[in-house]
Protein chains: 2
Amino acid sequence: MEATSSLTQEALGSEAQRDRHRRILDATIALASEGGFDAVQMRAVAERADVALGTLYRYFPSKVHLLVSALAREFEQSQAELAGSPALGDTPHARVMHVLGRSTTYLKQDPLLTEALVRAFMFADAGVSTEINRVGRMLTSALTDAMHPGAEPSEEDVAIAKVIGDVWLAALVGWVTGRTSPGDVEKSLDVAARLLLR
Amino acid sequence: MEATSSLTQEALGSEAQRDRHRRILDATIALASEGGFDAVQMRAVAERADVALGTLYRYFPSKVHLLVSALAREFEQSQAELAGSPALGDTPHARVMHVLGRSTTYLKQDPLLTEALVRAFMFADAGVSTEINRVGRMLTSALTDAMHPGAEPSEEDVAIAKVIGDVWLAALVGWVTGRTSPGDVEKSLDVAARLLLR
DNA sequence: GACGCAACAGGAACACGTTCCAGTCCCGCG
DNA sequence: CGCGGGACTGGAACGTGTTCCTGTTGCGTC
């Protein structure tokens, strides 16, 4: 296996370039954690990552690309961490809620980072659909696996997982835009999962 | 009843002010229809509405407020137009899809306007939650009424309507960000409604 | 009709995303 | 070692959302 986990689809040539790439994403996550979407300013990212502004734009063509790429890396890391611990629970509903609860708990711990990433997700256009679809697939497969561990998901399982993903997204939007509380996110998900998994 | 339908929560004093308010929202809708979110530039809105930039900001404290207010007015108007024509269909699923199909058809006719409004919805913060919740309530009650016409909606009806609203939002986001087609919006909604209304 | 004041017009100024350019550095190749 | 070209730096510059300031106008009050 590769040593450095494919950070994006394109392989960067030199070691120095991989390092710049990593520093930029690190700086992005750090700034987002500290001050949310607005604090991720391109000049600030460049300065903290110790690259010139033009270089930052050479690596990521826009702020949204940058944030979505950072989101994808974080999501991948957390999924990798969780890969070893299966969803607990006796019913599909319980296991799905376990998976969703873990993710939501993680997001709640870093509300500003969540705000930045969700906002970027919302503002993305077709140009970043690759990264976005990657995140969507990871979530869908995590949910279908929780519904029926180890089994090949049926078409209906996938449809249900997608609906739950939609509810999750809408609930996150409500939360990061300050209209609902993080508790409401889990409540919405519980209601949706109950309605869908019966 | 009032003659001029409360455009926002606050009543504007003079006739001239109500007229400015209307002109501003008209200009917003027109620019959004022509060029989407990016074309709704505050200077352009001010010029087309024939008000000064400072005046525009006196009426609407941000571009997002402006767009969400415009969305609320449009939504209210379309709901008022549709109030006379009940949802057709023999089952809750059919009636809900009829309601959703009408709205989606309407949105498809004006994709740039839809893009502008959905983007604004996504970028809104707590300051515009009043308008946003108004839109959400209108949608929810339209759906619960389609599910069981004339009846008082049960708690479960409301929960189902909210999930469908979430799916609708997520599907619209996918569409306006260029990741899916308008046809996919209706497909997602159909799948969700089928899963929920059984 | 005169006064006072809030709203408005016109426009400058600032912040941040984005683009662009001139000069410099690094690295492989002859 | 010297060259050439791509990558990087530093910084200027532009567009648009937002703020602010100054002067003017409309309108209710006396």
Side-chain angles (χ1 to χ4, degrees), chain A residues 8 10-25 27-28 31-32 34-70 115-117 119-125 127-128, chain B residues 8 10-25 27-28 31-32 34-70 115-117 119-125 127-128:
Chain A
T8 67
E10 78 253 311
L12 291 170
S14 76
E15 183 58 39
Q17 282 174 328
R18 271 193 299 276
D19 202 55
R20 279 195 196 88
H21 193 269
R22 184 190 53 72
R23 288 206 309 275
I24 289 171
L25 290 184
T28 303
L31 287 167
E34 290 164 20
F37 185 88
D38 289 343
V40 182
Q41 298 181 2
M42 301 303 270
R43 290 171 179 85
V45 171
E47 189 177 354
R48 184 172 305 209
D50 207 31
V51 297
L53 187 56
T55 306
L56 174 53
Y57 274 93
R58 171 185 299 273
Y59 281 72
F60 300 95
S62 76
K63 173 170 173 171
V64 166
H65 273 81
L66 173 60
L67 278 165
V68 173
S69 298
E115 185 253 2
L117 299 181
R119 280 241 150 103
F121 205 90
M122 298 297 89
F123 235 56
D125 58 5
V128 286
Chain B
T8 68
E10 77 251 312
L12 291 171
S14 76
E15 182 58 38
Q17 282 174 328
R18 270 191 300 276
D19 201 56
R20 278 195 198 87
H21 192 270
R22 184 189 53 72
R23 286 204 313 274
I24 289 170
L25 290 184
T28 303
L31 287 168
E34 290 164 20
F37 185 88
D38 289 343
V40 182
Q41 299 181 2
M42 300 304 270
R43 290 171 180 83
V45 171
E47 189 178 355
R48 184 171 309 208
D50 206 32
V51 297
L53 188 56
T55 305
L56 173 53
Y57 274 93
R58 170 185 299 274
Y59 281 73
F60 300 95
S62 76
K63 175 170 172 171
V64 167
H65 273 81
L66 174 59
L67 278 165
V68 173
S69 298
E115 184 252 3
L117 299 180
R119 280 239 151 104
F121 206 91
M122 297 297 89
F123 232 55
D125 58 3
V128 286

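Nothing here was measured: the structure is a model prediction, and the numbers come from that model. By convention in this document, chain letters (A, B, ...) are assigned in the order of the sequence lines, proteins followed by strands, and residues within each chain are numbered from 1.
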How many Å lie between [atom1] on [X] and [atom2] on [N], as a whole number?
X       : N      : atom1 : atom2 : value
A:Glu47 : D:dG10 : CD    : P     : 10 Å
B:Tyr57 : D:dT16 : OH    : P     : 13 Å
B:Leu56 : D:dG17 : CG    : P     : 10 Å
B:Leu67 : D:dT16 : CG    : C1'   : 14 Å
B:Leu66 : D:dT16 : CG    : C1'   : 14 Å

Filtered N/O pairs between nucleotides 6-8 of chain D and protein, under 3.5 Å:
from	atom 1	to	atom 2	distance (Å)
D:dC8	OP1	A:Arg20	NH1	3.0
D:dC8	OP1	A:Tyr59	OH	2.9
D:dC8	OP2	A:Arg58	NE	3.3

Report task. Using a 4.0 Å heavy-atom cut-off across all strands, classify B:Val40 as base, sugar-phosphate, or nothing. Result ->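 Sugar-phosphate contact only - B:Val40 comes under 4.0 Å of backbone atoms but never of a base.
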
Requested in this report: For A:Val45, report the nucleic acid contact type (base, sugar-phosphate, nothing); a contact means any heavy atom under 4.0 Å.
Outcome: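 Here A:Val45 touches no strand at all.
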
How close do [X] and [Y] get, heavy atom to heavy atom, and via which atoms?
X        : Y        : value
A:Ala116 : A:Gly36  : CB-C, 3.8 Å
B:Arg23  : B:Asp50  : NH2-O, 3.6 Å
B:Leu31  : B:Ala39  : O-CB, 3.8 Å
A:Val68  : A:Ala124 : CG2-CB, 4.5 Å
A:Tyr57  : A:Ser62  : CE2-CA, 4.3 Å

Query raised in the report: Got A:Lys63 and A:Val45 here, is their nearest side-chain heavy-atom distance under 4.5 Å?
Result: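 SC-SC contact between A:Lys63 and A:Val45 ruled out.
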
**Report entry** Heavy-atom side-chain proximity of A:Asp125 to B:Arg119 below 4.5 angstrom
**Finding:**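 In contact.
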
Query raised in the report: Starting at the 5' end of DNA chain C and moving along, which residue's nearest nucleotide shows up first, A:Phe37 or A:Gly54?
Result: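 The residue whose closest nucleotide sits nearer the 5' end is A:Phe37.
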
Query raised in the report: Along DNA chain C, 5' to 3', what are the outermost nucleotides having an atom less than 4.0 Å from a heavy atom of chain B?
Result: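 Counting from the 5' end, contacts occupy C:dA7 to C:dA13.
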
Query raised in the report: How many angstroms lie between atom CZ of A:Phe37 and atom CD of A:Glu115, to the nearest 0.5 angstrom?
Result: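 Taking CZ in A:Phe37 and CD in A:Glu115, the distance rounds to 8.0 Å.
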
Report task. Check the angle between the aromatic planes of B:His21 and B:Tyr59 and answer parallel, tilted or perpendicular using the 30° and 60° thresholds. Result ->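 B:His21 vs B:Tyr59 ring planes: tilted.
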
Every protein N/O within reach of nucleotides 12-15 of chain D N/O, cut-off under 3.5 Å:
from	atom 1	to	atom 2	distance (Å)
D:dA13	N6	A:Arg43	NH2	3.2

Query raised in the report: Around A:Glu47, counting heavy atoms of other residues, nucleotides and ligands shown, do more than 12 lie under 6.0 Å from its CD?
Result: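 Counting other residues, nucleotides and ligands, CD of A:Glu47 stays at 12 neighbours or fewer.
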
Query raised in the report: In a check of side-chain contact (heavy atoms from CB on, under 4.5 Å) between B:Thr28 and each of B:Leu117, B:Leu56, B:Leu67, which one passes?
Result: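 Result: among B:Leu117, B:Leu56, B:Leu67, B:Leu67 is the only option passing the side-chain contact (heavy atoms from CB on, under 4.5 Å) with B:Thr28.
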
